[in-house]
Amino acid sequence: MKVLVIGSGGREHALAWRLAQGNRVSRVYVAPGNGGTATDSRYTCIDITEPAALREWAQKEKIALTVVGPEGPLAAGVVDEFRSHGMRIFGPTKAAAQLESSKAFSKDFMKRHKIPTAAYETFSDAAAAHAYVDTKGAPIVVKADGLAAGKGVVVATTVAEAHEAIDFMLLDNKLGVAHNDGGARVVIEEFLQGEEASFIVMCDGKNVTALATSQDHKRLLDGDQGPNTGGMGAYSPAPVVTAEVHARAMREIILPTIRGMEKDGIPYTGFLYAGLMIDAQGHPKTLEFNCRMGDPETQPIMMRLKSDLFEVMWHATDGTLDQIELQWDRHTALGVVMAAHGYPLSPRKGDRISGIPPEAPDAVVFHAGTSLDSGELRTSGGRVLCVTVLADSVKLAQQRAYEVASKIHFDGAQYRKDIGHRAVHVRGG
Ligand code: AMP
Ligand code: GLY
C-alpha cells in the first residue's frame with residue numbers, strides 16, 4: 001500500500017520513517033519533504049502543496065492512506081478535500097482544527113465543556129483590552145487569535161509589556177493574523193505556574209489512544225533562557241506526567257474534549273495535542289490545543305513506538321482505535337534540535353551540512369530545515385536537524401545524542417546542551 005505524509009519538517013520525517021517500516025507499506029511519499037527524505041531511497045518527495053492538487057495526485061497514484069503533519073494544511077481544509085473524494089486521511093477537518101487555529105474558539109469550547117484552563121477574556125477592541133490588563137495586573141498572557149507560527153503568545157511580566165503586546169497584535173495587527181470572521185482578535189489570560197508537558201493522543205471521532213508522554217524545551221538557550229522557539233529538543237517519557245496526572249489529563253481534559261466535539265457536531269479525528277501546565281499538586285490545566293503532533297516531540301515518540309504505525313492509522317481511520325493497544329519501547333528517547341545561525345528571529349539559509357552519521361538502531365538524525373542543492377545538503381530553515389536517540393536513562397541518552405551532534409557540522413549551528421534536564425533531576429540521573 002502507498003502512504004502519503006504531508007509536510008516538510010522533522011515531525012514528518014519521523015512519521016514517514018516509522019510508516020516506512022509498516023509490513024503492508026510499499027512506498028512512502030512525502031509532500032514536499034526535505035533534504036533528508038529526498039536523499040533516502042525509502043521515500044519519494046512530491047512537490048505539491050495545494051490541497052486540491054495534492055488530492056488529485058493522490059487519487060491518480062492510488063494512495064491508500066494520507067497523514068497530515070502540520071497545522072497549516074489542516075486549517076486549509078485538506079482533510080475535508082480528501083474525504084469528500086472518498087480518500088482515507090488521518091487528521092481533523094477544518095472545523096475541528098479550530099481547536100488550534102482559533103484561540104477564541106478553543107477557549108470558549110473549554111469554558112462551555114468545563115475543561116480546566118486559564119481564566120480569560122477575548123477582545124477585538126484595543127481600548128477594552130488595555131482596560132482589562134489594568135484591572136488584572138501582571139504577570140498576564142496575551143495571545144493572538146489565529147495561527148501565528150509560535151509567535152502569537154506574549155507572557156508579559158509587566159503591565160507595560162502586556163500593553164505593548166496588545167498594540168502589536170490588535171491595534172497594528174503586526175502579526176497579520178485574522179480569526180475566522182476576519183480582523184484581529186486577542187485572548188488575554190491568567191498566568192499559570194507549574195511544569196509543562198505535551199499530552200498527545202490519537203482520536204478516531206469516538207475512541208482515544210494516548211501516545212507516550214513527552215516534554216519539549218521551548219526556549220532557545222540552556223536553563224530555559226532566551227526567546228521562545230518552536231522547540232529545541234524533547235524527550236519521552238516525561239516523568240512529570242505521573243500515572244495520576246495521566247489519568248487526570250485523560251478524565252478531565254482529553255475525554256471531555258472528544259465528547260464535547262462530538263456533541264457540538266464536529267467529531268474530532270486525528271492527533272490531538274494538549275499542552276499541559278501541571279501545578280505543584282499535580283493538577284493539569286490546558287494551555288492550548290494543537291490539532292497535530294508536536295515537533296520535536298514526534299521524533300522521540302516515534303523512536304519509542306514499537307507498534308506498526310500504518311496499522312494503527314488504519315484503525316484510526318476506520319473508527320476502531322478501541323481494538324488496539326500501542327506498544328512502547330521501555331527506553332528513554334531524546335531528541336536534540338540543531339538550529340541554524342540566527343534562529344529564531346532570522347535563520348540563515350544555505351550553510352553546507354556535513355558529518356551526519358548513518359542511521360543506527362539507537363540513533364537517527366531526522367531532518368527539518370534542510371534541502372538538496374546541486375547534490376549538496378544545505379540548511380534551508382530555522383530548525384535544521386533533530387538528533388534522536390534511545391538509551392537506558394536520560395543521562396545516557398544525553399551522552400549519546402551529544403556525541404552524535406558533535407560529529408555534525410554546519411556554520412553557525414546552535415543547540416542546547418541540557419535537553420532532558422528536568423528528567424535527570426527527577427530520576428537522580
Ligand atoms: P501556547 O502557544 O498557547 O502554548 O503558548 C506558548 C507558551 O507560552 C507555552 O508553552 C507556555 O510556556 C507559555 N504560556 C502560554 N499560556 C500561558 C499561561 N496562561 N500561563 C503561563 N504560561 C503560558
Ligand atoms: N513543540 C511544540 C509544538 O509542536 O507545538
Side-chain angles (χ1 to χ4, degrees), residues 7 9-12 14-15 68-72 74 97 99-107 110 116-121 133 136 138-157 161-162 165 169 175 177 186-200 211 213-220 224-236 238 240 271-279 283-302 335-337 339 344 366 368 382-383 386 388 416 419 422:
R11 165 185 46 215
E12 289 75 32
L15 288 169
V68 191
E71 63 277 19
L74 295 167
L99 275 183
E100 173 171 2
S101 65
S102 166
K103 297 270 184 209
F105 174 92
S106 75
K107 294 296 286 191
M110 287 191 264
T117 188
Y120 75 103
E121 292 283 343
V133 164
K136 291 289 175 186
I140 194 157
V141 183
V142 184
K143 300 185 174 186
D145 183 31
L147 293 180
K151 299 186 191 80
V153 175
V154 172
V155 179
T157 48
E161 227 179 305
M169 292 179 194
L175 291 169
V177 295
V186 295
V187 167
I188 303 184
E189 68 177 36
E190 166 200 9
F191 173 78
L192 297 177
Q193 240 158 349
E195 188 171 340
E196 288 181 53
S198 309
F199 199 91
I200 309 175
L211 300 185
T213 61
S214 60
Q215 196 174 47
D216 175 21
H217 298 60
K218 289 221 167 78
R219 303 294 194 102
L220 181 70
D224 297 320
Q225 302 297 310
N228 257 322
T229 70
M232 294 300 290
Y235 64 98
S236 169
V240 65
F271 292 110
L272 178 65
Y273 164 157
L276 304 182
M277 184 69 91
I278 302 158
D279 71 13
H283 297 172
K285 280 192 178 170
T286 318
L287 279 178
E288 61 162 350
F289 283 121
N290 294 313
C291 56
R292 49 171 176 81
M293 283 197 75
D295 189 339
E297 292 94 323
T298 305
Q299 291 86 318
I301 290 175
M302 285 300 125
V336 174
V337 169
F366 293 111
R383 293 185 291 170
C386 183
T388 314
R416 279 181 63 161
I419 299 304
R422 287 176 193 274

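Numbering of ligands and ligand atoms starts at 1, following listing order.
For ligand 1, the polar-atom distance check finds an N/O of L192 within less than 3.5 Å of one of the ligand's N/O atoms. Every N/O-N/O distance between K218 and ligand 2 stays at or above 3.5 Å. An N or O contact shorter than 3.5 Å links G230 to ligand 2 by distance.
Counting the atoms of ligand 1 from 1 in the order shown, those under 4.0 Å from a heavy atom of E189 are 16 (N), 17 (C), 18 (C), 19 (N). Counting atoms of ligand 1 from 1 in the listed order, those under 4.0 Å from a heavy atom of K103 are 1 (P), 2 (O), 3 (O). Which parts of ligand 1 touch K218 is read off a 4.0 Å heavy-atom cut-off, strictly below it: atoms 10 (O).
If you check which protein heavy atom lies closest to atom 2 (C) of ligand 2, you get D216 OD2, 3.2 Å. The protein atom (non-hydrogen) at minimum distance from atom 5 (O) of ligand 2 is R292 NH2, 2.9 Å.
The closest donor-acceptor contact from the side chain of R383 to the backbone of D295 lies under 3.5 Å. Listed for the H217 side chain is a donor-acceptor partner under 3.5 Å among the backbone atoms of G233. Under a 3.5 Å cut-off, the side chain of Q215 and the backbone N or O of E196 do form a donor-acceptor pair.
Counting heavy atoms from C-beta outward, E297 and L211 have side chains that stay 4.5 Å or more apart. Taking 4.5 Å as the limit, some side-chain heavy atom of M293 sits within range of a side-chain heavy atom of M302.
At least one heavy atom of G294 sits under 4.0 Å from some atom of ligand 2.
Shown here are the side chain to side chain contact (heavy atoms under 4.5 Å, CB included) partners of E121, two or more places apart in sequence or in another chain: F123, Y132. Partners of F271 by ring-ring contact (aromatic ring centres under 6.0 Å, His included), not counting sequence neighbours, listed by chain and number: F90.
In Q193, neither the side chain nor the backbone holds a heavy atom less than 4.0 Å from any atom of ligand 1. Contacts between V153 and ligand 1, counted as non-hydrogen atom pairs separated by less than 4.0 Å, involve the side chain only.
The pair E288-K143 does not meet the salt-bridge criterion, since no charged nitrogen lies less than 4.0 angstrom from a carboxylate oxygen.
When L276, L287, I140, V155 are ranked by how near their heavy atoms come to atom 17 (C) of ligand 1, first place goes to L287.
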